[in-house]
S.K.: 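The structure follows.
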Amino acid sequence: MAKDPYEKLYTRNLFKKRIHYAWAVCFSCALMFFCTCGLSCNVFGVYSPFIKADHGFTNAQISLIGTFRSAFQMVAITLAARYYKRLKLRSGMLIAGFTCCLGYVVYGLANTFPMYLAGSAVVGFGYGLGGMVPISMVLERWFYKDRTLAVSMASAASGLATLG
């Protein structure tokens, strides 16, 4: 009796289901949102009492740090369309991620109120350029059917930063 020449093909399709590469892209976008939004917005509130106590800042100064970050985030979001027209999406997101990292370095070196404002401005600018705007553009390219699920999973990563 002759063997079926397509037997390997059948068994490969039945037993070897691979995860689509789009889900790896979704995980990468979630990691980007974790770093840009989760660490910059959600986690900073945890450290604000310690910053206040160590440097003798007032409550108004501590809340102004967050306000400064939000103001620069809004400026960056208004510039995001022009930013991503000049740069490719991946390189623009990479630069935005490095901008957030640079802001965290400025936070780490800060010991005066203007330095905290400078770090807040840099982090806010990186968050505006690397936040949900480019992430939704990337996920729109990779997902058709499960786009809402992918965007929801990526945005849920900001809450994971608070838990971590």
Side-chain angles (χ1 to χ4, degrees), residues 6-48 50-51 63 65-110 116 118-164:
Y6 298 107
E7 182 178 356
K8 283 186 177 181
L9 182 65
Y10 297 144
T11 56
R12 183 182 310 143
N13 288 340
L14 288 175
F15 296 113
K16 191 177 179 184
K17 276 205 153 196
R18 292 182 3 184
I19 296 175
H20 195 269
Y21 185 71
W23 291 108
V25 171
C26 180
F27 176 76
S28 301
C29 287
L31 184 63
M32 180 73 175
F33 204 61
F34 176 88
C35 294
T36 57
C37 175
L39 293 178
S40 66
C41 294
N42 297 348
V43 177
F44 187 79
V46 174
Y47 293 106
S48 58
F50 302 109
I51 293 170
S63 63
I65 292 171
T67 304
F68 217 67
R69 183 197 63 237
S70 296
F72 273 86
Q73 171 194 346
M74 288 190 292
V75 169
I77 287 174
T78 59
L79 299 174
R82 283 188 270 173
Y83 176 76
Y84 284 108
K85 280 184 182 176
R86 284 194 157 208
L87 296 172
K88 292 180 181 177
L89 199 54
R90 286 189 300 181
S91 59
M93 288 176 74
L94 180 69
I95 292 170
F98 278 135
T99 304
C100 279
C101 290
L102 178 66
Y104 301 141
V105 169
V106 173
Y107 275 148
L109 297 174
Y116 276 102
S120 185
V122 174
V123 167
F125 207 77
Y127 171 39
L129 292 177
M132 192 48 78
V133 172
I135 288 172
S136 60
M137 290 179 354
V138 167
L139 293 177
E140 182 182 6
R141 291 181 182 178
W142 281 94
F143 286 91
Y144 175 72
K145 189 173 121 183
D146 296 325
R147 186 179 303 157
T148 307
L149 176 65
V151 171
S152 300
M153 288 173 61
S155 65
S158 70
L160 293 176
T162 308
L163 294 175

S.K.: If I compare all heavy atoms of Leu139 with all of Ala154, which pair ends up nearest, and what's the gap?
M.R.: CD1-CB, 4.0 Å
S.K.: Measuring from atom OG1 of Thr99 to atom CG of Leu129, what distance do you get when rounded to the nearest 0.5 angstrom?
M.R.: 7.0 Å
S.K.: So Phe72 and Tyr127, do their side chains get closer than 4.5 Å, heavy atoms only?
M.R.: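 No, their side chains stay 4.5 Å or more apart.
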S.K.: Look at the side chain of Ser120 and the backbone N and O of Tyr116, then say whether any donor-acceptor pair between them is shorter than 3.5 Å.
M.R.: no
S.K.: Are side-chain heavy atoms of Leu87 and Met93 found at a separation under 4.5 Å?
M.R.: no
S.K.: Do Val25 and Arg141 touch side chain to side chain, with heavy atoms closer than 4.5 Å?
M.R.: no
S.K.: Are the side chains of Asp146 and Trp23 in touch, meaning some heavy atoms are under 4.5 Å apart?
M.R.: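 The answer is yes; the side chains approach within 4.5 Å.
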S.K.: Who pairs with Tyr107 by ring pair (Phe, Tyr, Trp, His ring centres under 6.0 Å), at least two apart in sequence or on another chain?
M.R.: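 Tyr107: ring pair (Phe, Tyr, Trp, His ring centres under 6.0 Å) contacts with Phe44.
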S.K.: Considering all heavy atoms of both residues, which atom of Thr78 and which atom of Val75 are nearest to each other, and what is their separation?
M.R.: OG1-O, 2.6 Å
S.K.: Closest heavy-atom contact between Ser40 and Arg69?
M.R.: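 What the structure gives for the nearest pair is O-NH1, 3.2 Å.
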S.K.: Do you know which two heavy atoms are closest between Ser152 and Ser155, and how far apart they sit?
M.R.: O-OG, 3.1 Å
S.K.: Can you see which heavy atom on Ala76 is nearest to which on Gly124, and at what distance?
M.R.: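 Smallest interatomic distance, heavy atoms only, reads CB-O, 4.4 Å.
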S.K.: Considering all heavy atoms of both residues, which atom of Met132 and which atom of Val151 are nearest to each other, and what is their separation?
M.R.: SD-CG1, 4.3 Å
S.K.: Which pairs count as ring pair (Phe, Tyr, Trp, His ring centres under 6.0 Å) when at least one residue sits in residues 78-98, sequence neighbours excluded?
M.R.: none
S.K.: In residues 27-39, what donor-acceptor pairs under 3.5 Å come from side-chain atoms, sequence neighbours left out?
M.R.:
{"residue": "Ser28", "atom": "OG", "partner": "Ala24", "partner atom": "O", "Å": "3.0"}
{"residue": "Thr36", "atom": "OG1", "partner": "Met32", "partner atom": "O", "Å": "2.9"}

S.K.: In the structure I gave you, are the side-chain heavy atoms of Phe143 and Leu149 within less than 4.5 Å of one another anywhere?
M.R.: no
